[in-house]
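I have placed the structure first, in the form of structure tokens, so that the comments after it can refer back to it.
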Amino acid sequence: MLRFALSPTGDMTIDDLRIAIVNFIVAQKRGEPFLVRMDDTDKVRNIEGKDTEFMQILEKFSLTHDQVYHQSEHQSIHQTLALRLLEEQKAFVCTCTNTDSSTCSGTCAQMTEDAYSRLKAEGTPFVVRLKAPKETICFNDIIFGEYNAIPEETGEPVILGSDATPTALFASACDDMLSNISTVIRHAWHIGNTPKEIHIKTALGYTGNTDYAHLPNIENAPSLKQLFKEGYIPDAIINYLLLLSNPKSEQTFFTLPEAIAWFDLAQVPKTPAVFEMETLRKLNREHLLKMDDRQLSMLFGFADAAIGKLAKVYLEEEKASTVSELEAAIRPFFSPKSFDGEMGEKMSILKNIIWEAPMLDSYETFEAYLVKESGLSGDALALPLRKLLTNSTEGPALDTLYPHIKSYLLEVIS
RNA sequence: GGCCCCUUCAUCUAGCGGUUAGGAUUCAUGGUUUUCAUCCAUGCCACAGGAGUUCGAGUCUCCUAGGGGUCACCA
């Protein structure tokens, strides 16, 4: 089983999303189930509603899961496991107040039963620490390669906090064990936790094998909210994040299902990826171009294939790459025009001519008709006409726009 | 401080012992296009520094400098 674990203590980041996608894709590749886990052990920092927000985002990206749970549901199991380690003398009670040390700074490990009972009676706060391993812990990270941690590095990790709740590290190790996670794929900054987790699982008698793949961070990444607001679509974002993860792939433009065939976890670079908006823009444009015309128009408030085709003219000519840019280009077609100034006079003339004109099928006949009726030609005609039709002084050639707006002509010019 | 990762044109990068060190963006020049833009051609520009291994080092080893990450009762 693969898992995507995230704490509901803040917004989902681009890094988080990439990790979710990679977990999903590896699960699909291997035909293993995909678990979504809310690591909500920190009651203070948890933010109400973040968990449902995460699920909505995953749904938006079509990352379907087979199982989902909150880590807090397992709290009593984790506590039981911690107590078992205590009984087996693999863990010990520690009263050191020194919180910035990964080891007990005193001799708590030698505490006697009597001393322990007295502690409890007096209500002195204490934590439970796992004893340090005796040997160096080694594992082979799929991305970073061999990693060795001497016993001092692993230390004596706290497994139960002073409020008797399992620590995030311990809870995570326990749940990975209980869910029998085959490969842990997560942020690179967890790599130093890995020896501690291996140590915990070993102490609990876990014999299953767990592979690890730590993904480097993505530098310079914008927030997901910003990307959504600017009109980047999920297909393009997935495409880009997978491209950053497998930069040597032969394809650069693809969908998630296509990528499942060739994606290779071992090919993820260990150097941090740099987020480049330009590349995403290009992919976004391509994905928008591939969409169904009518669906495309629905992204910015229309429901008509002709408007979708109109949008594609802007996309093809690279006048727009995002949904919000399309909206900014096409909405004004239908908003009231200004007829002020010299340009406005010509626009009024053209407007009246078009109002009376018959339905003209091609731009050539339309333009010829306007030339004949208005006496205008060249730029004197093209510019006011462009302004009248598109409410802008620039854009794709009018003859490419005309076929898609001719059925809206009267609406557009009014 | 310990441990891990990184350093190639202005920018993002390819490269995994022998290359004229490749591409993309930017920039410059010329051309196409009666809007803006596009597009085409050409040009400019790089291996952090130092030792070593080798017939041969951007590539392997070590040192120096600089950047990032991590060492919690946070994930």
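Here is how names work: the chains are called A, B, and so on, in the same order as the sequence lines, proteins then strands, and each is numbered from 1.
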Counting the benzene-type ring for Trp, do [X] and [Y] have ring centres under 6.0 Å apart?
X	Y	result
A:Y240	A:Y232	no
A:Y69	A:H74	yes
A:F24	A:F61	no

Between A:F228 and A:K60, is there a cation-pi geometry (under 6.0 Å to ring centre, at most 45° from the normal)?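 Cation-pi check for A:K60 and A:F228: passes.
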Does A:K406 make a cation-pi contact with A:F366 (under 6.0 Å, within 45 degrees of the axis)? no
For [X] and [N], give me the distance from atom [atom1] to atom [atom2], rounded to whole Å.
X	N	atom1	atom2	answer
A:L280	B:rA24	CG	P	20 Å
A:D40	B:rC74	CG	P	13 Å
A:L243	B:rU13	CG	C1'	12 Å
A:N46	B:rC73	CG	P	18 Å

Pick from A:D293, A:L401, A:I405: which one makes a side-chain contact (heavy atoms from CB on, under 4.5 Å) with A:K309? A:D293
Taking C-beta and beyond as the side chain, do A:F144 and A:I191 meet within less than 4.5 Å on heavy atoms?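 SC-SC contact between A:F144 and A:I191 confirmed.
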[M] and [N], which share atom name [atom1], separated by this distance in whole Å:
N	M	atom1	value
B:rC60	B:rU8	P	15 Å
B:rC5	B:rC40	P	42 Å
B:rU59	B:rU54	C1'	13 Å
B:rA21	B:rA46	P	12 Å
B:rC39	B:rC45	P	25 Å
B:rC4	B:rG22	C1'	31 Å
B:rG15	B:rA57	C1'	13 Å

Taking a pair to mean Watson-Crick or G-U wobble geometry with both distances below 3.5 Å, B:rU32 pairs with none
Indicate whether the side chain of A:H78 and that of A:T41 have a donor and an acceptor atom separated by less than 3.5 Å.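 The answer is no; no qualifying pair exists.
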Determine, for nucleotides 35-40 of chain B in 5'-to-3' order, which nucleotides have protein heavy atoms under 4.0 Å from the base (write B), from only the sugar-phosphate (write S), or from neither (write -). BBB---
Sugar-phosphate atoms are those with a prime plus P, OP1 and OP2; base atoms are the rest. Using that split, label each nucleotide of nucleotides 2-7 of chain B B, S or - for protein heavy atoms under 4.0 Å, 5' to 3'. -S-SS-
Hey, are A:E32 and A:R3 close enough for a salt bridge, meaning a charged N less than 4.0 Å from a carboxylate O? no
Using a 4.0 Å heavy-atom cut-off across all strands, classify [X] as base, sugar-phosphate, or nothing.
X	answer
A:V127	base
A:T41	sugar-phosphate
A:N217	nothing

Under the ring pair (Phe, Tyr, Trp, His ring centres under 6.0 Å) test, residues paired with A:Y147 that sit two or more places apart: A:F139
